[in-house]
Amino acid sequence: EVQLQASGGGLVQVGGSLRLSCILSELTLDEYTIGWFRQAPGKEREGFSCVKYGDGGTYYTDSAKGRFTISSDNAKNTVYLQSDSLKPEDTAVYYCAAIIWGECDLLLNRHYEPDHWGQGTQVTVSS
């Protein structure tokens, strides 16, 4: 069964850091592009970072550049999101999602439905 399991969220103070993990089961980074999304209360879901299948190329939206770093470990079949200098507006449920053989700009497009979603992990940034 294909699964994406996101973890690593929690409560952190302003300026703090968290590392989120997305563990992949029955899918591989050779075939699947993996993205990170978040949804804050009362707001639309937002895709903001991605690692492409095969070559591991990374992509960030403009709002994510500088404070978020996506990485992957093929041996562990895991994608990470390092989140630094966190702000209260980063408070959201964070999700990972996957599409097979897809480009990052497609996966992160708000009109596109990924092939697979993981369950969310809550990130709360307190001021």
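Residues satisfying the salt bridge (charged side-chain N to carboxylate O under 4.0 Å, His left out) test with Arg67, not counting sequence neighbours, are Asp90. Scored by the salt bridge (charged side-chain N to carboxylate O under 4.0 Å, His left out) test, Glu113 finds Arg45 as partners (sequence neighbours excluded). In this structure Lys65 satisfies the side-chain hydrogen bond (donor to acceptor under 3.5 Å, both in side chains) test together with Asp62, sequence neighbours excluded. Not counting sequence neighbours, the partners of Phe68 by the ring-ring contact (aromatic ring centres under 6.0 Å, His included) test are Phe48. In this view, Gln122 and Thr124 satisfy the side-chain hydrogen bond (donor to acceptor under 3.5 Å, both in side chains) rule, not counting sequence neighbours. Glu44 is linked by a salt bridge (charged side-chain N to carboxylate O under 4.0 Å, His left out) to Arg110, counting only residues two or more places apart in sequence or in another chain.
Considering OG of Ser49 and CD of Gln82, their distance stands at 12.0 Å, rounded to 0.5 Å. The CD atom of Glu89 lies 11.0 Å from the OG atom of Ser63; values are rounded to the nearest 0.5 Å.
What you find for Tyr32 and Ala98 is that their closest heavy atoms are CD2-CB, 3.8 Å.
Legend: salt bridge (Lys or Arg N to Asp or Glu O under 4.0 Å) pairs involving residues 2-28, not counting sequence neighbours: none detected. Residue pairs meeting the disulfide (SG to SG under 2.5 Å) criterion with at least one member in residues 6-42, sequence neighbours excluded, are Cys22-Cys96.
Side chains of Thr121 and Leu20 form a contact here, defined as non-hydrogen atoms less than 4.5 Å apart.
Note on Val123 and Tyr60: same hydrophobic cluster, where clusters join Ile, Leu, Val, Met, Phe, Trp and Tyr whose side-chain heavy atoms are under 4.5 Å apart, directly or indirectly.
Ile99 shares a hydrophobic cluster with Phe37, Tyr59, Val93, Tyr95, Leu106, Leu107, Leu108, Tyr112, Trp117; the chain of contacts runs through ILVMFWY side chains whose heavy atoms sit under 4.5 Å apart.
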Expected list for residues 73-80: side-chain donor-acceptor pairs under 3.5 angstrom, two or more places apart:
{"residue": "Asp73", "atom": "OD1", "partner": "Ala75", "partner atom": "N", "Å": "3.0"}
{"residue": "Asp73", "atom": "OD1", "partner": "Lys76", "partner atom": "N", "Å": "3.2"}
{"residue": "Asn77", "atom": "ND2", "partner": "Leu24", "partner atom": "O", "Å": "3.2"}
{"residue": "Asn77", "atom": "ND2", "partner": "Leu27", "partner atom": "O", "Å": "2.7"}
{"residue": "Thr78", "atom": "OG1", "partner": "Lys76", "partner atom": "O", "Å": "2.8"}

Using atom types as modelled, flag every donor-acceptor pair under 3.5 Å from a side chain in residues 50-58 to any protein atom, sequence neighbours excluded.
{"residue": "Lys52", "atom": "NZ", "partner": "Glu103", "partner atom": "OE1", "Å": "3.4"}
{"residue": "Lys52", "atom": "NZ", "partner": "Glu103", "partner atom": "OE2", "Å": "3.2"}
{"residue": "Asp55", "atom": "OD1", "partner": "Gly57", "partner atom": "N", "Å": "2.9"}

Side-chain donor-acceptor contacts of residues 1-17 below 3.5 Å, not counting sequence neighbours, with atom names and distances?
{"residue": "Ser17", "atom": "OG", "partner": "Asp84", "partner atom": "OD1", "Å": "2.8"}

